[in-house]
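Accompanying notes for the structure given below.
Numbering of ligands and ligand atoms starts at 1, following listing order. Just so it is clear, the values below take in all heavy atoms, side chains as well, and ignore hydrogens, waters and symmetry mates. Because the structure is a prediction, the values reported are computed rather than measured. The first residue in the sequence is number 1, and the count goes up from there.
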Amino acid sequence: MNDRPRRLRRTAALRDLCAETRLSRHALVQPHFAIAGSGEQPIDALPGIARMGEDALLRRIERDRELGIASTLLFGVTSHKDPLGRTGEDPEGPLHRAVRAVKRRFGADVTVMADVCLCTYTDHGHCGVLEHGEVHNDKSLPLLAAQAVSLAAAGADVIAPSDMMDGRVRAIRQALDAAHFEDRAIMSYAAKYASNFYGPFRQAADSAPRDQGPKDRKSYQMDCRNRAEAVREALLDQQEGADILMVKPALAYLDVIADVAAAVDRPVAAYLVSGEYAAIELLASAGLADRGALVREHFTAVRRAGASILITYHARAALEHRWLDD
Ligand code: PBG
């Protein structure tokens, strides 16, 4: 019986009924880059994605919402930089202004996730404080916690620390609770690898490491040779109080997504990063593959691996072109 050839009549509907993975708009988070002022600046490295002033961002999110995308991950981009990245806590900084404006306009209809990190705000471009040419983990924690509280005060629903300092989830949770923001969630970049796929983002956010300090982020982001370490990182972040655990990038780390999803007791998010987006756009624009089919395959692989949340620059296109199941 078992060796009977499987020549079933698989109609499209039967394939749909038997599919183990479905793609829904409810899984998607659209990242956006907020700048001071008005209007928008296209990002060469990310075709179709722009840095936006408040007015343009509100229009964009309004359209995202009409398409069915209810969550956004916001990044601030600024030329005001200093050694400690203090613009990251400035209530008049671009990210804070954007968070306030989006919450004022859309209230509970749009979930605002705010990136917490120092790299866009430091003059050296590292995600933590530099001391004697090294990134100092523990001295970075109070700055990250203060930035998180300031973003919660601006109205952020979810705080998303992307810095990869050890112990920052606990520091942020304690600071949020002390400031009576017990109701705000933390989505931690639990397993964030020192990846080559972040290039377009660093152009978009003006956040690449500069002349001082280490030339890369390998002292605090994960080594791509490690898998078990990712599970340890995720379990630690869960213990420290993270509500959602993220793996990043996505496609080159499907094994990590699967392991983390099996080990933790929280929703798992995967960040389909800028380089993954750009790679798909390049393939499609060269006429080498169909854009929608590539995006569907990418999304499906990441969902199949075990992520329930997809943070992706393709969210909007997926809805506009109806690449999802619903
Ligand atoms: C900053 C940060 C990075 C990304 C998100 N937050 C870049 C980095 O660590 O250098 C990358 C996102 C992307 O490539 O889309 N800490």
Side-chain angles (χ1 to χ4, degrees), residues 28-34 43-51 72-78 81 85 87-88 94-95 113-122 124-130 135 137 140-141 143-144 147-148 151 156 158-166 168-169 172 186-210 213-224 233 244 246-253 269-282 295 298 302 309-316:
L28 301 183
V29 178
Q30 175 76 52
H32 286 301
F33 298 97
I43 300 162
D44 294 342
L46 292 173
I49 308 291
R51 291 182 283 240
T72 179
L73 173 60
L74 298 181
F75 294 92
V77 186
T78 179
K81 297 174 195 276
T87 303
L95 180 54
M113 306 175 151
D115 177 68
V116 163
C117 196
L118 298 184
C119 62
T120 42
Y121 308 111
T122 50
H124 45 75
H126 277 288
C127 305
V129 174
L130 268 193
V135 175
N137 189 90
S140 309
L141 300 181
L143 292 163
L144 294 161
Q147 193 184 114
L151 288 162
V158 180
I159 297 297
S162 66
D163 52 281
M164 283 303 274
M165 299 302 128
D166 290 329
R168 92 281 202 207
V169 173
I172 289 172
I186 296 177
M187 174 170 73
S188 77
Y189 289 63
K192 176 177 178 180
Y193 285 85
S195 169
N196 300 293
F197 285 94
Y198 304 150
F201 175 95
R202 291 180 188 172
Q203 188 188 96
D206 185 25
S207 67
R210 289 157 209 255
K215 60 179 191 331
D216 57 38
R217 305 201 199 288
K218 290 184 178 164
S219 68
Y220 44 101
Q221 298 183 348
M222 285 186 54
D223 184 329
C224 83
E233 290 270 9
I244 299 172
M246 189 210 293
V247 175
K248 173 184 172 183
L251 209 49
Y253 298 89
Y271 198 143
L272 291 67
V273 300
S274 58
E276 298 178 70
Y277 175 88
I280 287 179
E281 292 300 304
L282 284 169
V295 170
H298 195 189
V302 176
I309 301 169
L310 308 186
I311 302 166
T312 167
Y313 303 95
H314 275 120
R316 183 171 96 222

Nearest to [atom], what protein heavy atom do you find, and at what distance?
atom: atom 11 (C) of ligand 1; answer: Lys248 NZ, 2.8 Å
atom: atom 1 (C) of ligand 1; answer: Cys119 SG, 3.3 Å
atom: atom 15 (O) of ligand 1; answer: Tyr313 OH, 2.6 Å
atom: atom 10 (O) of ligand 1; answer: Arg202 NE, 2.5 Å
atom: atom 16 (N) of ligand 1; answer: Lys192 NZ, 2.9 Å

Under a 4.0 angstrom heavy-atom cut-off, which atoms of ligand 1 come close to [X]?
X: Ser162; result: 1 (C), 2 (C), 6 (N), 16 (N)
X: Cys127; result: 16 (N)
X: Tyr271; result: 12 (C), 15 (O)

Exercise. Any heavy atom of Ser207 sitting closer than 4.0 Å to ligand 1?
Worked result: no

For this session: Between Phe75 and ligand 1, find which residue part has any heavy-atom pair under 4.0 Å and reply side chain, backbone, both or neither.
Result: side chain

Exercise. Lys218 side chain to Asp223 main-chain N or O, any donor-acceptor pair under 3.5 Å?
Worked result: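 No, the answer is negative, given that no donor and acceptor are paired below the 3.5 Å cut-off.
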
Exercise. Would you say Arg51's side chain and Ala204's backbone share a donor-acceptor pair under 3.5 angstrom?
Worked result: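 Yes, the answer is positive, given that a donor and an acceptor are paired below the 3.5 Å cut-off.
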
Exercise. Taking the inter-plane angle between the rings of Tyr313 and Tyr277 on a 0 to 90° scale, is it parallel (under 30°), tilted (30 to 60°) or perpendicular (over 60°)?
Worked result: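 Tyr313 and Tyr277: perpendicular rings.
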
For this session: Can you label the angle between the Phe75 ring and the Tyr271 ring as parallel, tilted or perpendicular, going by 30° and 60°?
Result: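 The arrangement is tilted - the two ring planes meet at 30° to 60°.
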
Problem set entry | ligand 1 N/O within reach of Asp163 N/O, cut-off under 3.5 Å | no

Exercise. So is there a nitrogen or oxygen of Gln221 less than 3.5 Å from a nitrogen or oxygen in ligand 1?
Worked result: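 The answer is yes, given that Gln221 and ligand 1 share an N or O pair closer than 3.5 Å.
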
Problem set entry | Closest to atom 14 (O) of ligand 1 among Ser274, Cys117, Gly275 (heavy-atom distance) | Ser274

Exercise. Are His298 and Thr312 close enough that some pair of their side-chain heavy atoms sits under 4.5 Å apart?
Worked result: no

Problem set entry | Asp216, CG: over 12 other non-hydrogen atoms inside 6.0 angstrom |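 Enclosed: over 12 neighbouring heavy atoms sit under 6.0 Å from CG of Asp216.
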
